[in-house]
Amino acid sequence: MDVLLAHSFFLKNDPKQGEKMRPYPPLGTLYAASFLREKGYDIGLFDAMLAAGVDEFEALLESARPRFLIVYEDQFNFLNKMCLLHSRDAACRMARLARDRGCTVIAAGSDVSDHPEIYLRHGAHFGIVGESEHALGELIDSLTGRIPVPVESISGLSMLDPGCPGEVRRNEARTPERHPDVFPFPAWDLLDAESYRRVWVAAHGYFSVNMVSTRGCPFHCNWCAKPIWGQRYAMRSPANVAQEMALVKASIKPDHIWFADDIFGLQPKWVVEFAQEVEVRQASVPFMIQSRADLMTEKAVNALARAGCTEVWIGAESGSQKILDAMDKGIQVEQIVSARERLKATGIRACYFVQFGYPGESFDDILATAELIRNTRPDEIGVSVSNPLPGTKFYQMVGAQLGEKDHWQDSDDLAMMFEGTYTTEFYRKIYKLVHTELELIKRGASTAELDEVVVAWRELRESESGYRSSRPTFVEKYYPTVSAPDLSKRWN
Ligand code: SF4
């Protein structure tokens with residue numbers, strides 16, 4: 001074997017995801033595998049997702065004896081944006097094990113792009129910063145002597161500087177590919193799809209896999225991490241995506257597809273063409289996307305329904321316009337309401353991502369979010385606390401408070417990592433309350449039951465001062481004279 005590709009997200013190391021039990025194949029890793037295979041290299045895959053542990057990787061390393069190990073985080077999964085410590089630790093262990101066996105080790109992904117030094121000091125010879133396929137291809141061509149270019153001239157690479165021990169040398173940054181159709185489809189054949197199917201069917205009664213139609217996102221939400229593509233984005237052609245969908249439908253036979261794009265359907269015209277291409281190929285598989293309320297135009301929603309979309313997760317974030325503006329979200333609360341109505345009219349489930357705890361959020365803002373949920377009745381909500389993700393404006397603002405705790409051990413998404421208005425305990429109460437209220441509404445609970453929720457909200461309001469953070473909040477500390485609505489202006 002020339003190249004072993006591996007990733008380091010072991011589901012068993014993440015209790016929260018283990019509970020959800022929705023394991024998705026490492027799509028980014030499969031893309032890199034097919035790209036290198038198309039260049040003529042003999043490729044193997046270690047898929048950590050359902051594996052027992054690093055020992056299993058070590059056994060494969062021992063038997064396959066690859067010349068190169070690429071520890072490749074799946075860049076299309078939000079979990080990798082969180083840069084989980086268990087995943088980083090496993091990647092470093094795997095890199096060291098391979099290096100000790102004489103492999104050349106290359107690390108790639110979001111965390112590597114942010115912190116190549118960590119991987120380079122723990123066994124990796126090279127770190128890829130940014131989009132990886134082209135850089136990987138050129139690097140392996142160079143190291144095998146196939147194309148005699150010095151590694152120093154390959155853009156997007158980082159390595160320890162031989163001239164300054166311990167220091168990292170970064171080559172010129174690489175511009176992401178503008179035409180992602182040039183990439184071959186992910187190496188689905190390397191995946192043990194039946195293991196995924198068994199787990200999914202046992203937990204949920206159906207089997208879902210992932211695809212992507214875009215890379216990157218052009219919007220500016222100031223808490224959103226974009227370590228690979230920055231503000232750039234590129235779209236596959238509608239025909240190319242539909243063609244892969246048909247292939248996945250025929251070969252993997254999933255019951256459902258999750259489009260893992262940051263934002264699916266950045267242009268309504270693209271969605272209309274995609275629906276046509278899917279229909280022509282009879283490629284439709286029920287699918288779920290993530291999008292924005294302002295993209296849910298009538299044209300786009302109708303085309304989504306035609307293509308087989310059954311569920312849209314909207315980054316609603318907050319029911320308070322003040323907080324949406326502070327986040328640079330570029331969305332009006334009314335647009336969320338309209339998107340929900342349009343989706344409902346076409347029978348597509350509308351689900352909201354909501355976050356609490358953004359700097360400057362008051363109890364009234366929290367109530368505005370609860371009211372948005374109550375009035376528009378999304379089919380589901382995903383609630384988190386505002387996460388300062390590395391590389392974001394938000395992270396820079398609260399970075400001083402993070403100290404040692406600047407990464408998540410696992411994906412338990414309700415732990416406050418900075419000094420917000422309230423404590424983690426308070427946000428956990430909010431989490432329970434909004435979920436309980438929505439569940440009661442959805443199952444047509446009696447007035448008496450709903451009255452209990454009203455009482456719970458009232459009690460929470462009365463006790464909120466008891467949950468205030470003990471230290472000065474971010475706003476009080478850094479912007480003592482500025483009222484919260486003005487914060488967004490300061491950040492621009
Ligand atoms: S729209 Fe979504 S992916 Fe794009 S910047 Fe905002 S949060 Fe990030």
Side-chain angles (χ1 to χ4, degrees), residues 27-28 73-83 109-110 113-114 130-131 176 180 210-236 258-268 270-271 288-297 300-301 304 311-321 323-333 335-336 338-340 343 350-359 361 369 372 378 381-398 411 413 487-488 491-492:
L27 197 57
E73 277 180 280
D74 176 13
Q75 59 208 8
F76 298 113
N77 195 319
F78 71 95
L79 293 169
N80 295 108
K81 285 192 179 180
M82 295 179 79
C83 306
S110 302
S113 295
D114 283 333
E131 192 175 70
N210 44 354
M211 285 179 60
V212 282
S213 66
T214 56
R215 293 179 170 213
C217 164
F219 295 100
H220 296 270
C221 313
N222 61 31
W223 47 268
C224 179
K226 299 174 168 186
I228 304 287
W229 291 287
Q231 282 308 114
R232 291 172 185 272
Y233 74 99
M235 298 187 288
R236 296 170 63 189
W258 166 45
F259 274 96
D261 308 49
D262 281 343
I263 297 296
F264 180 96
L266 286 160
Q267 299 168 356
W270 186 98
V271 186
M288 165 177 94
I289 63 166
Q290 285 126 213
S291 189
R292 289 170 52 96
D294 54 347
L295 295 177
M296 291 295 103
T297 62
V301 170
L304 282 171
E311 188 169 306
V312 177
W313 278 84
I314 294 170
E317 320 303 352
S318 176
S320 159
Q321 194 59 51
I323 295 301
L324 290 175
D325 292 346
M327 290 173 171
D328 295 332
K329 186 76 197 171
I331 295 273
Q332 302 295 309
V333 174
Q335 289 175 307
I336 304 171
S338 305
R340 201 283 173 261
L343 290 166
C351 310
Y352 299 167
F353 290 117
V354 164
Q355 56 178 295
F356 291 107
Y358 195 81
E361 186 188 57
T369 304
L372 174 73
I381 49 173
V383 179
S384 61
V385 289
S386 301
N387 288 326
L389 294 167
T392 61
K393 233 194 241 188
F394 177 23
Y395 186 90
Q396 283 167 12
M397 292 187 303
V398 299
S411 64
D413 46 8
L487 279 175
S488 61
W491 296 339
N492 285 330

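Keep in mind it's a predicted model, so treat the numbers as computed, not measured. Indexing begins at 1, ligand by ligand and atom by atom, following the structure's order.
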TODO: Inspect the contact between D328 and K393 and indicate whether a charged nitrogen and a carboxylate oxygen are less than 4.0 angstrom apart.
DONE: yes

Task: Distance filter under 4.0 Å to W223 heavy atoms, resulting ligand 1 atoms - done: 7 (S)

Task: Heavy-atom pair with the smallest gap, counting every atom of Y358 and W223 - done: CE1-CD1, 4.0 Å

Task: Which atom of S386 lies closest to which atom of F394, heavy atoms considered - done: CB-CE2, 3.7 Å

Open item on the list: Students often mix this up, so state it plainly: with edges at 30° and 60°, are the rings of F264 and W270 parallel, tilted or perpendicular?
Closed with: perpendicular

TODO: Please identify which atoms of ligand 1 are closer than 4.0 Å to at least one heavy atom of R292.
DONE: 1 (S)

Task: Which residues share a salt bridge (charged side-chain N to carboxylate O under 4.0 Å, His left out) with R340, sequence neighbours left out - done: D379

- [ ] May I ask whether E317 places a heavy atom under 4.0 Å from ligand 1?
- [x] no

Open item on the list: Could you tell me, atom by atom, which parts of ligand 1 come under 4.0 Å of a heavy atom of C217?
Closed with: 1 (S), 3 (S), 4 (Fe), 5 (S)

Open item on the list: Using modelled atom types and a 3.5 Å cut-off, is there a donor and acceptor pairing between side-chain atoms of D261 and backbone atoms of V212?
Closed with: no

Task: N/O/S atom of C224 inside 2.8 Å of atom 8 (Fe) of ligand 1, strictly under - done: yes

Task: Atoms in ligand 1 flagged as close to K226, the criterion being non-hydrogen separation under 4.0 Å - done: 5 (S)

Open item on the list: I'd like to check which ligand 1 atoms, numbered from 1 as shown, lie under 4.0 Å from a non-hydrogen atom of I263.
Closed with: 1 (S), 2 (Fe)

Task: Options P218, G330, C221, ranked by nearest heavy atom to atom 6 (Fe) of ligand 1, top entry - done: C221

